[in-house]
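Below is one structure, written out as structure tokens, with a few remarks after it.
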Amino acid sequence: MGTILTVSGVTGGIGKTTVAVNLCAALALYEKKVLIIDCDPRASATSWLGKTDAAHGRSLSSVLKKKTSFPDAIVKTRLAWLDLVPADFNLFTAARSLSGKAAGPALLKQMLHQQVGSLYDYIILDAPPGFGFLNMMALTAGHGLIVPIRLHRTSDTDCQCLLKLIHYIRKIHHTPLRIAGFVVNACENSSDIQAFPEKTRFNRLSDLVFHTRIPEDHTVIRAMDHQVPVVLEDINAPAGKAFLQFATEIDSIFSHQKEDPETRPGPDKLSMAKTSPPKMVDIRERSSEKVEQLAANIADMINEINQSEQA
Ligand SMILES: Nc1ncnc2c1ncn2[C@@H]1O[C@H](COP(=O)(O)OP(=O)(O)OP(=O)(O)O)[C@@H](O)[C@H]1O
Ligand SMILES: [Mg+2]
């Protein structure tokens, strides 16, 4: 079973799609088999990857409506190791019909485990913002949660809401939902970064902030316009390098048993890249045990919030 990571948060516009698409592309350059699932009816990740329509039932909405199986909904991207399940606006109606059903939020998790979990090293879900059904479904499906934060836009209230949402999902859907980490996105300078944790509840979660920071970089916007991941737009751009490092950091936490290279799909992943990515570096500072331990500590913080509200 591959690792399912949900890129989510309650805040809009903080870089969830940017992180999801570009982390996937960087992992794919490192020859990890990756599936990105667009869980947002606005289809931002789908369009970023150059897929503008979800033709022939190749969409998450068709899968959720059980008109298409997961494997049949997968489309190829420019990167041989990266596949996509596109979103379209029908996802909104699919979500509306599922949201009344008790088992609805767990449906995606169940289908992923049964149909595609063993085919990929990583399955990454790009969730919409807020508290709606689709975000809940994406959060319920994940083994781990990656939360992008922006220094001047992510508030203490955002953090508090996120922790409450995690608590709710853990309780109602009986899932461990671990926070894999917070990734600082679009940061301008390091003094900002140092000041940030002091200002909010995130200071108590600072051990969960990934080492990699994604810089503010115009290449991100250019790549989005050109409908290619940052590593294909300019692998040497600051954001390109950061996403490669982030892939390394993620893989060091969720590393997999290596499969027989003979059985893996043939690589042509570098055909669009301007230079080869550096070798994957082993970052051992955050082992999976540490992530587990940190995730457990979050439960204490959630309890504190609940108690202070009841008092
Ligand atoms: N590191 C970055 N450097 C420059 N621009 C960025 C960076 N990260 C994100 N952006 C820009 O910020 C905008 C919002 O990013 P993105 O769509 O990834 O956020 P989101 O959290 O997915 O939004 P939503 O909540 O609407 O789904 C986009 O225009 C994107 O190009
Ligand atoms: Mg988005």
Side-chain angles (χ1 to χ4, degrees), residues 5-26 36-52 54 59-60 84-89 91-92 95 124-139 141-142 145-155 157-159 161-162 165 180-190 192-193 196 209-247 249:
L5 296 171
T6 303
V7 183
S8 181
V10 295
T11 325
I14 41 161
K16 296 179 291 297
T17 302
T18 302
V19 167
V21 166
N22 293 293
L23 170 63
C24 285
I36 179 167
I37 301 179
D38 192 341
C39 302
D40 188 336
R42 292 170 305 164
S44 320
T46 304
S47 125
W48 195 327
L49 289 166
K51 309 288 169 184
T52 42
S59 65
L60 181 58
L84 161 77
V85 173
D88 59 5
F89 189 73
L91 192 50
F92 169 71
I124 295 191
L125 311 179
D126 179 30
F131 301 89
F133 174 82
L134 289 165
N135 194 12
M136 298 284 284
M137 186 181 66
L139 286 165
L145 168 61
I146 296 175
V147 188
I149 51 178
R150 283 184 85 154
L151 301 176
H152 302 294
R153 293 199 203 163
T154 309
S155 66
T157 313
D158 293 338
C159 181
C161 285
L162 178 70
L165 185 60
F182 298 96
V183 57
V184 177
N185 181 36
C187 57
E188 279 138 44
N189 62 61
S190 54
D192 268 359
I193 293 162
F196 175 69
V209 177
F210 287 109
H211 295 287
T212 309
R213 272 121 195 193
I214 313 298
E216 174 106 53
D217 183 352
H218 197 71
T219 316
V220 172
I221 295 158
R222 241 180 27 232
M224 200 184 223
D225 286 347
H226 294 162
Q227 297 188 306
V228 291
V230 172
V231 286
L232 296 188
E233 176 69 24
D234 182 358
I235 201 168
N236 290 313
K241 288 181 184 165
F243 280 114
L244 289 171
Q245 191 192 322
F246 191 39
E249 188 172 357

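What you see is a predicted model; the values in this text were computed from it and never measured. Nothing fancy with the numbering, it's 1 onward along the sequence. Ligands are counted one by one from 1 in listed order, and the atoms in each one are counted from 1 as well. Just so it is clear, the values below take in all heavy atoms, side chains as well, and ignore hydrogens, waters and symmetry mates.
Taking every heavy atom of Ile221 and a limit of under 4.0 angstrom, the matching atoms of ligand 1 come to 5 (N), 31 (O). Near Gly12, meaning under 4.0 Å from one of its heavy atoms, ligand 1 places the atoms 25 (O). The distance from ligand 1 to the heavy atoms of Pro129 drops below 4.0 Å at these ligand atoms: 25 (O), 27 (O). Residue Ala186 approaches ligand 1 through these ligand atoms, each under 4.0 Å from one of its heavy atoms: 1 (N), 2 (C). Contact atoms of ligand 1 toward Glu216: 3 (N), 4 (C) (distance under 4.0 Å to a heavy atom of the residue). Each of the atoms 1 (N), 2 (C), 7 (C), 8 (N), 9 (C) of ligand 1 lies under 4.0 Å from some heavy atom of Asn185.
Side-chain contact between Pro129 and Lys16 is present, with at least one heavy-atom pair separated by less than 4.5 Å. Between Val147 and Leu162 the shortest side-chain heavy-atom distance falls below 4.5 Å. Contact check for Ile149 versus Ile14: no side-chain heavy atoms found under the 4.5 Å cut-off.
There is a protein heavy atom less than 4.0 angstrom from atom 9 (C) of ligand 1.
The proximity of Arg222 to ligand 1, defined as any non-hydrogen pair under 4.0 Å, does not occur for either the backbone or the side chain. Residue contacts with ligand 1 for Pro215 involve N, CA, C or O but no side-chain atom from C-beta outward (heavy atoms, distance under 4.0 Å). At a heavy-atom cutoff of 4.0 Å, ligand 1 is contacted by the backbone of Asp217 but not by its side chain.
Geometrically, ligand 1 and Ile14 share a nitrogen or oxygen pair separated by less than 3.5 Å. Residue Asp126 has no nitrogen or oxygen atom sitting less than 3.5 Å from a nitrogen or oxygen atom of ligand 1, judged on distance alone. Taking distance alone, with nitrogen or oxygen atoms compared against 3.5 Å, Ala127 stays at or beyond that limit from ligand 1.
Atom NZ of Lys51 is separated from atom CG of Asp88 by 15.0 Å, given to the nearest 0.5 angstrom. Glu233 contributes atom CD, which lies 11.5 Å from atom CD of Gln227 (distance to the nearest 0.5 angstrom). Note that OG1 of Thr17 and CE of Met224 are 6.5 Å apart. Values are rounded to the nearest 0.5 Å.
Closest protein heavy atom to atom 30 (C) of ligand 1: Thr18 OG1, 3.9 Å. Among all protein heavy atoms, the one lying closest to atom 19 (O) of ligand 1 is Gly15 N, 3.0 Å. The nearest protein atom to atom 11 (C) of ligand 1, hydrogens excluded, is given as Arg150 NH1, 4.5 Å; this is a heavy-atom distance. Among all non-hydrogen protein atoms, the one lying nearest atom 6 (C) of ligand 1 is Val220 CG1, 3.7 Å. Looking from atom 23 (O) of ligand 1 to the surrounding protein, the closest heavy atom is Gly13 N, 3.1 Å.
The heavy-atom pair separating Asp38 from Leu60 by the smallest distance is O-CD2, 3.5 Å. Here the closest heavy-atom approach between residue Val209 and residue Val184 is recorded as CG1-CG2, 3.9 Å.
Contact annotation: Thr18 places no N, O or S atom under 2.8 Å from the Mg ion (ligand 2).
Taking the six-membered ring for Trp, Phe210 and Phe246 have ring centres closer than 6.0 Å. Between Phe89 and Phe92, the distance from one ring center to the other falls under 6.0 angstrom.
When Asp126, Leu125, Leu145 are each tested for a side-chain contact (heavy atoms from CB on, under 4.5 Å) with Ser8, only one passes: Leu145.
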Check the pair Asp234, Thr219 against side-chain hydrogen bond (donor to acceptor under 3.5 Å, both in side chains), reporting the backbone distance first and the verdict last. CA-CA 7 Å; Asp234 182 358; Thr219 316; 5.1 Å; no

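Of the listed options Arg42, Met224, Lys16, Arg42 places a heavy atom closest to atom 27 (O) of ligand 1.
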